2 protein chains.
Amino acid sequence: MDHVETGLRERKKRRTRWAIASAALRLFAERGYEETTIADITAAADVSPRTFFSYFPSKEDVVFTEIDDRLAEVAERLSDRPPGEPPLETIRRCVVDVTEAIVAEHGEYGAVQVRLILERPGLQARALQRLTATQEEIEARLHELCPGIDEIDAVAAAGIAVGGMQAVVVHCRRHGYEPASMRAALDRALTIVEHGLGSLTALTAPSEGAP
Amino acid sequence: MDHVETGLRERKKRRTRWAIASAALRLFAERGYEETTIADITAAADVSPRTFFSYFPSKEDVVFTEIDDRLAEVAERLSDRPPGEPPLETIRRCVVDVTEAIVAEHGEYGAVQVRLILERPGLQARALQRLTATQEEIEARLHELCPGIDEIDAVAAAGIAVGGMQAVVVHCRRHGYEPASMRAALDRALTIVEHGLGSLTALTAPSEGAP
DNA sequence: TGCAGATTTGCAATAGCTGCAACTTTGCAG
DNA sequence: CTGCAAAGTTGCAGCTATTGCAAATCTGCA
């Protein structure tokens, strides 16, 4: 039971939602986020301003269209891992999926969405919040995968994993989104997550000073 | 040149700022955040509504009064570490300081602030954003401490460290703030940060299933 | 005592968001 | 077909946060 409903009603709703979202993203890209009002968006989408709020709870939420679905999808996929796989491998897979889902282009306006989120503090905050939600999702799966796992361990593992993810996002923000570079950063971060900061000799040696 | 200015002007400004902040926090505690308007706050603080915005850029910012100062203070303290100390130790120290600064009670309304931040999604998002800022702060210090460190390593290390911090915050949110328990969670998280997720046998063994 | 600069304030306007009630459309039974 | 009830859309009024602007006050220092 997903999006297979054939009713005219459903189809029309989906179309309207898309009309609003794409109008919004297009306008955001053209004149900027703050510079685009709800009225502008609804005018472009040819619906009443009031209607906007029956599709999205707030202006900010339009920006996250699809991204949320994508994230949820990834979280679900986590449960479909081969039963014998070591949890750590599962986490790795999960982090890779989520990260790529976040960074990769989603449909036509993906680039716009990413740029907006990275630029507008408000949107950035919202994104972090969703990332935190994902973190709890990960932790829940961990408890499923390793029934007896210590709670602190699970929380910490999830937290650290997400921290690694964020590291990649930060890296991308600075150096752009070439898949290759991103992959490298992701692998590096995951290795560190796996072996700990203690594996970085740069960190265990006394800080500069006496030779 | 900090808060030593003796001018009547300075003193009055400081007093007003405090009046607004404490009125706000008190009201938030009494009737809730959303239920308190700027007008309510300024009435209680005995200033004009317009004045509020010359002290705080937004309603949300009042909640973070002092917390920001505290965080900045901690970040600064990072540079005062003994020169020969291994960076990893410095990080540990830093994480402990920041975490305790976040969780500990700040002044009279500390508990209110923490509760609000944890409850209101908007404030939570804002807090995460500030945490991210701290993360970048940590990274910058890392580059100072280990001049040649690989950028990805630095970003990842900072990200993971903050992830560990968040883990502790999550833990506290669930189990309360008894210092002992928090200390334990913090230590555990830091150990994991240091030795990696690979050190948790629960994660490296194949997930349940065939015995 | 009086001025120059800083603060405070009132006023008006914009924009996001919500509740409500009237109006339309759609799905379906008769 | 036809008509009804549920679902969806719209306009309206209203509330709150936030900002620009200019008049009114206050403070520090002659």
Side-chain angles (χ1 to χ4, degrees), chain A residues 1 3-21 23-25 27-28 30-65 116 120-126 129, chain B residues 1 3-21 23-25 27-28 30-65 116 120-126 129:
Chain A
M1 47 74 164
H3 24 66
V4 263
E5 330 252 350
T6 332
L8 196 172
R9 219 159 208 158
E10 308 300 321
R11 252 176 303 134
K12 201 169 183 178
K13 263 184 101 164
R14 213 170 296 285
R15 210 186 314 144
T16 303
R17 186 184 174 80
W18 168 247
I20 295 177
L25 263 351
L27 290 176
F28 290 163
E30 282 173 17
R31 27 176 136 161
Y33 181 76
E34 328 275 30
E35 293 69 30
T36 305
T37 74
I38 303 278
D40 294 334
I41 299 171
T42 53
D46 206 47
V47 293
S48 122
R50 189 66 184 76
T51 298
F52 178 94
F53 294 100
S54 54
Y55 281 92
F56 301 93
S58 81
K59 187 180 170 184
E60 290 189 340
D61 286 284
V62 203
V63 180
F64 292 95
T65 316
L116 285 174
R120 301 283 143 189
L123 295 173
Q124 200 181 316
R126 201 108 171 186
Q129 192 179 253
Chain B
M1 50 69 164
H3 23 65
V4 262
E5 329 253 352
T6 332
L8 195 172
R9 217 157 210 159
E10 308 299 321
R11 254 178 299 136
K12 199 168 185 180
K13 264 184 101 165
R14 213 171 297 282
R15 209 186 312 144
T16 304
R17 188 185 172 81
W18 168 248
I20 295 177
L25 262 354
L27 290 176
F28 290 164
E30 282 174 15
R31 28 175 133 161
Y33 181 76
E34 327 276 21
E35 292 69 30
T36 305
T37 73
I38 303 278
D40 294 335
I41 298 171
T42 52
D46 205 49
V47 293
S48 121
R50 189 68 184 74
T51 298
F52 178 94
F53 293 100
S54 55
Y55 281 93
F56 300 94
S58 82
K59 187 179 169 185
E60 291 189 340
D61 286 285
V62 202
V63 179
F64 293 94
T65 318
L116 285 174
R120 301 284 144 189
L123 296 174
Q124 200 181 316
R126 202 109 170 186
Q129 194 180 250

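By convention in this document, chain letters (A, B, ...) are assigned in the order of the sequence lines, proteins followed by strands, and residues within each chain are numbered from 1. Note that this is a predicted model, so its numbers are computed, not measured.
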Original post:
With sequence neighbours left out, which residue pairs that include part of residues 38-59 of chain B fulfil the salt bridge (Lys or Arg N to Asp or Glu O under 4.0 Å) condition?
Top reply: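 Residue pairs with at least one partner in residues 38-59 of chain B: B:R31-B:D40.
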**OP:** Establish, with yes or no, whether the OP1 or OP2 oxygen of D:dT9 is under 4.0 angstrom from a side-chain nitrogen or oxygen of A:S48.
**Re:**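 For D:dT9, neither OP1 nor OP2 has a side-chain N or O of A:S48 closer than 4.0 Å.
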Rounded to whole Å, please give me the gap between [atom1] in [X] and [atom2] in [N].
| X | N | atom1 | atom2 | result |
| --- | --- | --- | --- | --- |
| B:D61 | D:dT18 | CG | P | 8 Å |
| A:E34 | D:dA17 | CD | P | 18 Å |
| B:R11 | C:dA6 | CZ | C1' | 16 Å |
| B:D46 | D:dT25 | CG | C1' | 15 Å |
| B:E60 | D:dA17 | CD | C1' | 11 Å |

**OP:** Could you pull out all residues at least two apart from A:A44 that satisfy side chain to side chain contact (heavy atoms under 4.5 Å, CB included)?
**Re:**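 Checked A:A44 against side chain to side chain contact (heavy atoms under 4.5 Å, CB included); matches are A:A23, A:R26, A:L27.
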Original post:
Under the side chain to side chain contact (heavy atoms under 4.5 Å, CB included) test, which residues partner A:Q124, sequence neighbours left out?
Top reply: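 Once residues adjacent in sequence are excluded, the partners of A:Q124 under the side chain to side chain contact (heavy atoms under 4.5 Å, CB included) criterion are A:R173, B:Q129.
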Looking only at side-chain atoms of [X], point me to the closest of [options].
| X | options | value |
| --- | --- | --- |
| A:K13 | C:dG16, C:dG10, D:dG8 | D:dG8 |
| A:Y55 | D:dT9, D:dT10, D:dA17 | D:dT9 |
| A:K59 | D:dG8, D:dG11, C:dG16 | C:dG16 |

Original post:
CD1/A:I38 to OG1/A:T51 distance, rounded to the nearest 0.5 angstrom?
Top reply: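 Reported to 0.5 Å precision, the distance equals 11.5 Å.
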Original post:
For A:Y55, what residues pass the ring-ring contact (aromatic ring centres under 6.0 Å, His included) criterion, not counting sequence neighbours?
Top reply: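 Once residues adjacent in sequence are excluded, A:Y55 has no partner under the ring-ring contact (aromatic ring centres under 6.0 Å, His included) criterion.
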Original post:
How is B:T42 classified with respect to the nucleic acid when contacts are heavy atoms under 4.0 Å: base, sugar-phosphate, or nothing?
Top reply: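 Nothing, no heavy atom under 4.0 Å.
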**OP:** List the protein contact pattern of nucleotides 18-26 of chain C with one symbol per nucleotide (5' to 3'): B for base contact, S for sugar-phosphate-only contact, - for none; contact means a heavy-atom distance under 4.0 Å.
**Re:** BBB----BB
Original post:
What residues form a salt bridge (Lys or Arg N to Asp or Glu O under 4.0 Å) with B:E35, not counting sequence neighbours?
Top reply: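 Counting only residues at least two positions away or on another chain, B:E35 forms no salt bridge (Lys or Arg N to Asp or Glu O under 4.0 Å).
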